[in-house]
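Quick caveat: nothing in here was measured; it's all calculated off a predicted structure.
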Amino acid sequence: MLGFMDYVQNAFAESTDWNRDNSYGTLNATAQALLDFDTPRGLRLNLSSLAAPNFATSYSLGSVGVVDGSVSYLYSSVPLQTSAKSCDIDLHRVIRGYRHLKELRRPDDDAWWELWHGGKRIDRKKTLLYGRILVPHSTLEALYLRRLSPTRQLRISCVSDSSLNNGGTILGLLQNDHGKYSTEYMYSTDSALMGVRGLYNFGIDPRVEPTIPSGQETAEPVQGRFSAGAELYYGILNKSGGISTGLRFTTLPHHTGFPYTMTLTLNPLMGNLSSTYAVKAGQNLALCTRFDFNFYSYESDLQVGCELWRKRRNPEVEWAVKKLRPDWDTLTPKPDDDVAGVLKARVDQNWKIGVLWEGRVKELLFTLGASLDLKRREQIFRAVGVELQYSS
Amino acid sequence: MAFNFNWSPLMADTSAARIMLTTALNKSPKPPIIVDDIIVTELNLGSTPPELEILEVGDLAEDRFRGIFKMSYTGDAFLTLKTRVQANPLNTYLSTKPSFASPQPLAAASGLTIPLQITLSDIRLSGFVILVFSRQKGLTLVFRNDPLESLKVSSTFDSIPFVRDYLQKEIEGQLRVLFMEDLPAILHRLSLRLWSPEYAEMDDERMEQEAKDTTVPIDPLASPPQDAVDAFGNPLDEEQLSAFALDPSSETHASFSQKNLIRLAALTESHHTLSLFTPAMRETVFRAWAGACERSDQSGAATPSLTQSSLSRIQSSFGSNKSETPSLASGSTGNETMSSRPGLQSFNSTQSGLGMGSRSRTTRKKKTRVVNLRKDKNADEDAPSVGTDDSAPPSITVSDIASIPEDHEEDLATPPRSPVKPLRFESQHATLDVGEPVELPEQPADPTPTATAPLLSPFKTPRGSGRSNAMTTPSTPPTPTQERPKIGRSSTSRPPQSHIRQMSGSTRLLRSLSLDKMPFPTPSSSSSPSRHPLSPAESGSGGILEQAWMTKMANEIARRVQDEKDKESRGEQRGARKLEGMWEAGDVEAPPAYEA
């Protein structure tokens, strides 16, 4: 489940029309959501509030043997109109699952963002500031996010921790999203790591207005999208680098069959090949597999995961609906009113199992998780945890 | 004196050592580049033995040894390890970084694990080694400094300079940890395994000897109790017992046999009531039987809290009266050999034992009086046991000294409490060198006990004196000729003694106060009370304290060696006139137990 601050940052991205999915870094976001989810450890409580549309606070207290906690603040120059109450947050928006990619939209024109008043430009760049201090370790995290232009965003994240080299690290990330393609440039002060990422979407260019000759029937809606990307890193100080390329095919909302996503990533330096296939097999079920193979060491790995949404039944009227209108789709005022929770599970070839149950009780969002290792009989449960979130 | 080190058998079978090394290498957290367990596949100690230079021999007997060596090794030993490493530098680099500011690459950080074989050769070692060996507790070896000088790491990655340097650095770091922490533990376990079959035999043998000894068999101090409990009644395990044993001064404190405790408790109960029943205890002296002077001290039979300490003291002292024959004194370490015990001294010790039994709250006032009496800075270690001693002055004197040997013995290991200056007593007969804590090989003619030894030895109880001799003059076995002057001096050298007492009165007060915190006084016939404040902690975590103590000991010995060298270079004349200097110095410095 997304933390409150991640949720607010997503809300900021939405309100500034930033497409987080159009990036090479999120190429296999679906597989990561279904296979690489974190299982909580111990008990963790989060108390958050979007006190004003521009300001959010969050406190967290955790106990895994030792008690730790964090305090975080967020400021957004854009008023965030999203609801932040834990009782009416849409569960689909805080639970990462199968990602439905949307049609690419044409980036705004620069001029549209300009605000003029009395002959002067008065518009300000949209900015987000976020800070978080983790209490017992005295680790400070800071994030500066700025929409430089409709196609560009600067993201600077810093961590200050005495245990790190030089006492901390700063990562600067410049993201360009032109719809058709996106590029990212990054620099990390730690070992002077530089990186470039790029993603190219095949198919029609959203920036070009479709020129449909009048009289012809409307064009066939695009059913899927094929994307290719690559990334390259080089650490100047330690003279080491990394490279990977990736492909993705995903269905778009217009697709008539069940949605699916396929990715293939290759790391030619390390000989690592990874393929994922995720399918939304029904309204409530998504399945995902991943197969890793290294053609240098012949190591392989297989992971299977699933996501199962549990619908909430309304026993008072259900019988009536069944009897009178069996073909009724449940129409509810709120998008997730019918959802009781989601069960995620994954298993790999070493019989390591992760189980996660996320949902809402009363006004609390909860995450209940466990990771198991069936190969170690003496200690099957590796970690068990509960996470509770309340926000207002 | 010669040592014969047999190197070749060590080369024969290294499988056990291989397994232990494997466990040791995998114990500490591994660097992120190593993704699998480290397995030692080959271990060869080579044909060249290390060069050992004996710097100091602190204790030497058939079944025990304590000494400091300077070791240097330039042999042809080699070690081959097998593990798997992460070949992707980006993966290694990112695994140690916080995810918040991580670039989070999609697949560029995917791992590639490569089996790796590392051969460590050309190992160059040089360092100071402290070696303590006793049959009962095995071998303890501590490196005073980091012994690793250089080492050649050859691996499958020798062609890649970055990886090679990284491996060299990481492996050196791990090896340093191994030498400083894991190797002592491994050796200790190996030696215990080696000697454990004989351990039981040794026990039986010792029990027989104890039958003739001053300490009666049921004396909880004499033998390691079968069902030992510490001062709070918590059971002690074998390691904790051996932890006590490592430090002879604390060998017996706070460990009792439950059987004895019950018996003594019954005895105590019988004093509470008018019951005529008195549990039969062999070879014990009851307060009621003691001489008039002892009875005069009110805290004896009058105080209900007649404690084990006093009783055991009585037992042992009575035993010493009874048996004049030299025998093994027997702490759980078993490294004190009793030599001749003159009857006069044993009589004194009887008195002291009786006097010491009077520890109770009711005698607090008396305690302070005693504090004034016991100014001997060297004797302060046993202050708690004697702190409440309110018997007649002569007996106090004896009791004072009775327990000093432990102090003195500890002195071998703990820092010298006075700046190490050579000090000599002009006794009637022999000059005893005080300032030299340890006998140096090049001065064999001079029996040089530790700083405290000569002061105390004249007054020692038979037990004490025997011990001190064994401990302080390791190279020269205690001979009657040495004993005699001391006995003579016990009557003559009173003035220095009183002088000592004035010095350390304050520390003694501290000590006796700290003793009060103990649930019950521990038997003190051979335990050093200075360890008492530590004893609860020690019973809980003997290993840690032991380790800390060993390191401290190591440092101190090194310092002492240094001091000695300085001294020699200065060519200082050691003479009797230095005596006063020592007293003054002793006044200033705190007893080592408190520094620790």
Side-chain angles (χ1 to χ4, degrees), chain A residues 23-28 32 132 134 139 141-143 156-161 163-165 168-173 184 186-191 193-195 197 229-235 238-246 263 265-267 269-274 292 294 296-297 299, chain B residues 23 26-39 82-118 155-171 173:
Chain A
S23 152
Y24 182 74
T26 56
L27 191 78
N28 50 14
Q32 276 172 358
R132 177 179 180 213
L134 291 103
T139 302
E141 296 176 349
L143 173 71
I156 297 173
S157 38
C158 325
V159 174
S160 169
D161 189 334
S163 66
L164 296 171
N165 290 343
T169 172
I170 300 175
L171 174 78
L173 181 65
E184 289 170 272
M186 69 185 72
Y187 177 79
S188 169
T189 57
D190 210 349
S191 76
L193 185 82
M194 299 195 342
R197 288 200 284 224
E231 64 182 345
L232 175 70
Y233 297 92
Y234 186 71
N238 57 17
K239 296 182 182 57
S240 61
I243 190 170
S244 82
T245 59
T263 66
T265 54
L266 170 72
N267 184 334
L269 278 184
M270 297 297 145
N272 203 289
L273 191 69
S274 169
D292 290 316
N294 193 304
Y296 290 155
S297 65
E299 282 178 333
Chain B
T23 23
N26 291 309
K27 198 184 67 184
S28 54
K30 289 187 282 288
I33 198 168
I34 294 172
V35 292
D36 201 2
D37 282 356
I38 306 171
I39 298 159
K82 230 163 63 176
T83 186
R84 297 196 311 159
V85 291
Q86 178 59 256
N88 191 344
L90 203 60
N91 184 301
T92 320
Y93 153 77
L94 287 176
S95 63
T96 56
K97 302 294 173 249
S99 62
F100 186 78
S102 142
Q104 289 173 330
L106 184 76
S110 59
L112 168 63
T113 55
I114 298 181
L116 170 71
Q117 188 157 329
I118 304 173
S155 71
T156 28
F157 286 119
D158 275 355
S159 51
I160 310 168
F162 168 67
V163 182
R164 190 192 57 208
D165 295 347
Y166 184 83
L167 283 175
Q168 173 93 31
K169 201 179 73 191
E170 287 293 340
I171 286 168

| said: Using heavy-atom distances under 4.5 Å, tell me whether A:Asn294 contacts chain B through its side chain, its backbone, both, or neither. | reply: side chain
| query | Hey, is the main chain of B:Phe100 close enough, under 3.5 Å, to the side chain of A:Glu141 for a donor-acceptor pair? | reply | no
| Can you check whether B:Asn88 reaches A:Asn267 side chain to side chain, under 4.5 Å on heavy atoms? | yes
| note | Counting heavy-atom pairs under 4.5 angstrom with chain A, the leader among B:Pro103, B:Ala87, B:Pro89 is B:Pro103
| said: Counting heavy-atom pairs under 4.5 Å with chain A, which one of B:Thr113, B:Asn91, B:Leu112, B:Ile114 comes out on top? | reply: B:Leu112
| said: Between B:Leu90 and A:Leu193, is there a side-chain heavy-atom distance shorter than 4.5 Å? | reply: yes
| query | Taking atom CZ of B:Arg84 and atom CD of A:Glu299, what is their separation to the nearest 0.5 Å? | reply | 5.0 Å
| Euclidean distance, A:Thr169 OG1 relative to B:Lys97 NZ, rounded to 0.5 Å | 7.5 Å
| For B:Tyr93, is it the side chain, the backbone, both or neither that has a heavy atom under 4.5 Å from a heavy atom of chain A? | side chain
| query | Between A:Leu173, A:Asn238, A:Leu269, which has the largest tally of heavy atom pairs under 4.5 Å with chain B? | reply | A:Asn238
| query | chain B heavy atoms under 4.5 Å from A:Ser274: which part of the residue, side chain, backbone, both or neither? | reply | neither
| task | Locate the shortest heavy-atom distance separating A:Leu164 from B:Pro98; write the atom from each residue and the value. | result | CD2-CD, 3.6 Å
| task | Check A:Asn272 against B:Ser110 and note the closest heavy-atom contact, atom names and distance. | result | CB-OG, 3.3 Å
